[in-house]
2 protein chains.
Amino acid sequence: MPDSSFREIRDLALFSQMADENFSALMRGAYVQNFPAQIELITEGDPSDFLHVVLSGSVDLFSAWNGRETSLATVRPISTFILAATIKDAPYLMSARTLEKSRIALIPSQDVRAVFDIDGNFARAIVTELAQCYRSVIKAQKELKLRTSLERLANYLLRQQRRASGAASFDLDFEKRRLASVLGMTAENLSRAFKGLQPYGLEVDGTRITITNQAEFERFAKPNPLIDDGST
Amino acid sequence: MPDSSFREIRDLALFSQMADENFSALMRGAYVQNFPAQIELITEGDPSDFLHVVLSGSVDLFSAWNGRETSLATVRPISTFILAATIKDAPYLMSARTLEKSRIALIPSQDVRAVFDIDGNFARAIVTELAQCYRSVIKAQKELKLRTSLERLANYLLRQQRRASGAASFDLDFEKRRLASVLGMTAENLSRAFKGLQPYGLEVDGTRITITNQAEFERFAKPNPLIDDGST
DNA sequence: TTGTTGGCTTGACAATTATCAATCGTGGGA
DNA sequence: TCCCACGATTGATAATTGTCAAGCCAACAA
């Protein structure tokens, strides 16, 4: 593994506090690989052989049942995914595929578990990470059960706006078909939802979003930190 | 705190491996309290002052937004809740209320965090617990996004049947109004969903459920371990 | 016993969301 | 340049789910 990747991973909160020798032990069995777009990295139900770290590009976590499919999350650099499966030595609950050309580090799960058992700092960092992940999913669950599709879209746009430094105009960061799946609706409905938000101060031009009436838009969306705040 | 409660808590996987002195430190600040039914124990948004342990009775975790409310989970003895908020020292994402008369142990969150920092075994046990919780929510999320209300009910009944030792007849363990909320539908729709499952081999008499045609019922429900298995 | 309460059910209707088919528009390859 | 592929959009329609109002029924208290 090249030193730069090594460094990037070490700087993650998950790995930054662990002992040098343990980090080295983890990296010994690890390797970095470049994947083209649209490659299925893992399949739900498979045993969790590797902890994955997205170094560049992006990855879609999704799941299928009975012929249907839904996107559950998008992983962007630099962060890990399927940590819980790795720790529990349990099968993946989600599949993963690259959305674009991506560089991914693979760390053998058994090494992660071994180091987890001997390195208290690593164990504590994992706790923080898992608690964060858990709370994110709870928020997603609340959003899905408490909001209509129009409200979910409106609040998603507000979150996206904040990520894009808060300006009235910003771009969607992935294709609408996938956004629809993430928000739990069909692509057709997403199209209509964009239309449905226009009376509340929204303009859409392709992938370009403009919130023309911030106050009115927020009055409709009713964002709530206990659902929409990414950090806490 | 009475010795018996002490013992029950110590036997939880979360606490069983930690050092005696650390467990004692945790218990020093803890106390047990009896609550009547329908008492709101915590409110979402409040700071997480205590880790809660349900010793007897049962607790409903729910959330509200914009006048709507939904049940997210039910906690039964003996287990903890709001562990993630306690660890992260972040506000509760869910409210909690007793469903019946309940005995609950309260452990100051700051003590939990303090011991977490010094006891590696405790930290590791927390990881296991959080990973478990995380995977449970992911499964709930998949169920909600991939299944219709009829399918959710059918699979819920199969899970309930397994919990009740697998016999064809068994009882619902909570009122239908709450079941509806847990499954993400209205009480009226739940009523119709029960009717809608009759052609697939279901009989309902009040709270008494009988699956008259197990094979046909499962053919409809299509249970999947990656959504419906409680353990993994 | 009678009356009341609260949960459950039912029917009629409305809103939301999905499905299907067709069309539009853009960007890349021949 | 033209054509194709693919995602996005639109319209028509159907399925699903929610809302509102009324009625049913069992538990409970007076």
Side-chain angles (χ1 to χ4, degrees), chain A residues 36-38 60 64-71 97 99-101 143-157 171-200 202-209 220-221, chain B residues 37-38 60 64-71 97 99-100 143-157 171-200 202-209 220-221:
Chain A
Q38 303 302 333
D60 180 35
W65 178 82
N66 196 23
R68 295 160 222 166
E69 181 182 308
T70 188
S71 283
R97 77 179 138 227
L99 287 169
E100 54 193 307
K101 195 165 166 305
E143 169 144 64
L144 207 53
K145 291 184 79 174
L146 290 169
R147 287 176 172 161
T148 66
S149 61
L150 218 59
E151 291 163 343
R152 292 199 297 275
L153 174 59
N155 282 289
Y156 171 84
L157 292 176
D171 283 297
L172 294 176
D173 61 348
F174 45 59
E175 63 179 4
K176 293 184 180 174
R177 149 191 309 267
R178 241 177 53 74
L179 174 57
S181 184
V182 168
L183 293 177
M185 54 175 126
T186 58
E188 293 94 329
N189 252 323
L190 176 61
S191 218
R192 292 175 187 121
F194 274 119
K195 283 250 165 81
L197 288 178
Q198 283 173 12
Y200 301 101
L202 183 75
E203 271 177 20
V204 185
D205 177 22
T207 177
R208 188 76 183 166
I209 305 295
F220 171 79
Chain B
Q38 303 300 335
D60 180 34
W65 178 82
N66 195 23
R68 296 160 222 167
E69 182 181 308
T70 188
S71 282
R97 77 181 138 226
L99 287 170
E100 53 193 308
E143 169 144 64
L144 208 53
K145 290 185 78 173
L146 290 169
R147 289 176 172 161
T148 66
S149 61
L150 217 59
E151 291 164 342
R152 292 199 297 276
L153 174 59
N155 281 288
Y156 171 83
L157 293 176
D171 282 297
L172 293 177
D173 62 348
F174 46 60
E175 61 179 4
K176 292 184 181 175
R177 148 191 310 267
R178 240 177 53 74
L179 175 56
S181 184
V182 168
L183 294 178
M185 56 175 127
T186 59
E188 294 94 328
N189 251 324
L190 176 61
S191 219
R192 292 175 187 120
F194 274 120
K195 283 249 165 79
L197 288 177
Q198 283 174 12
Y200 301 101
L202 183 76
E203 272 177 20
V204 185
D205 178 22
T207 177
R208 187 75 183 169
I209 304 295
F220 172 78

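Chain letters run A, B, ... following the sequence lines, proteins first, then strands; residues in each count from 1.
Judged by distance alone, with hydrogens and angles left aside, B:Arg68 brings no side-chain donor or acceptor close enough to the base of D:dG18 to form a pair under 3.5 Å. With hydrogens and angles ignored, a donor-acceptor pair under 3.5 angstrom links the side chain of B:Glu188 to the base of D:dC20. Interface remark: the B:Glu175 side chain does not form any donor-acceptor pair with the C:dC8 base, using a distance-only criterion of under 3.5 Å.
Side-chain proximity of A:Met185 to the nucleotides C:dA18, C:dG7, D:dG7 is greatest for C:dA18. Looking at the side chain of B:Lys176, the nearest of the listed nucleotides D:dA8, D:dC20, C:dC8 is C:dC8. Side chain of B:Lys195, nearest nucleotide from C:dT10, C:dT19, C:dT17: C:dT10. For B:Thr148, taking side-chain heavy atoms from C-beta onward, the closest of the listed nucleotides D:dT10, D:dC20, D:dT17 is D:dT17. Nearest nucleotide to the A:Ser191 side chain, out of C:dT17, C:dT19, D:dT10: D:dT10. The side chain of B:Arg192 approaches D:dT19 more closely than any other nucleotide in the set D:dT19, C:dT9, D:dT17.
Between the CZ atom of A:Arg152 and the C1' atom of C:dT17 there is a distance of 10 Å, rounded to whole Å. Between B:Asp205 atom CG and D:dC25 atom P there is a gap of 13 Å when expressed in whole angstrom units. One interatomic measurement links the two molecules: CG of A:Leu144 to P of C:dT16, which rounds to 17 Å at whole-angstrom precision. The separation between A:Glu151 atom CD and C:dT17 atom C1' is 14 Å, rounded to whole Å. Taking atom CG of residue B:Leu150 and atom C1' of nucleotide D:dT17, one finds them 12 Å apart after rounding to whole Å. Across the protein-nucleic acid pair, A:Arg178 atom CZ and D:dC6 atom P stand 19 Å apart, rounded to whole Å. Rounded to whole Å, atom C1' of D:dG7 lies 17 Å from atom CG of A:Asn189. Atom CZ of A:Arg177 and atom P of D:dC6 are 10 Å apart (whole Å).
Residues B:Leu172 and B:Arg178 fail the side-chain proximity criterion, which asks for heavy atoms closer than 4.5 Å.
Here B:Thr186 does not reach the OP1 or OP2 of D:dT17: none of its side-chain N or O atoms lies under 4.0 Å away.
At distances below 3.5 Å, at least one donor-acceptor pair connects side-chain atoms of A:Arg152 with backbone N or O atoms of A:Arg147. The backbone N or O of B:Leu146 lies less than 3.5 Å from a partner atom in the side chain of A:Arg68, making a donor-acceptor pair. With hydrogens and angles disregarded, a donor-acceptor distance shorter than 3.5 Å links the side chain of B:Lys176 to the backbone of B:Gly206.
Here the closest heavy-atom approach between residue B:Lys145 and residue A:Val182 is recorded as NZ-O, 2.9 Å.
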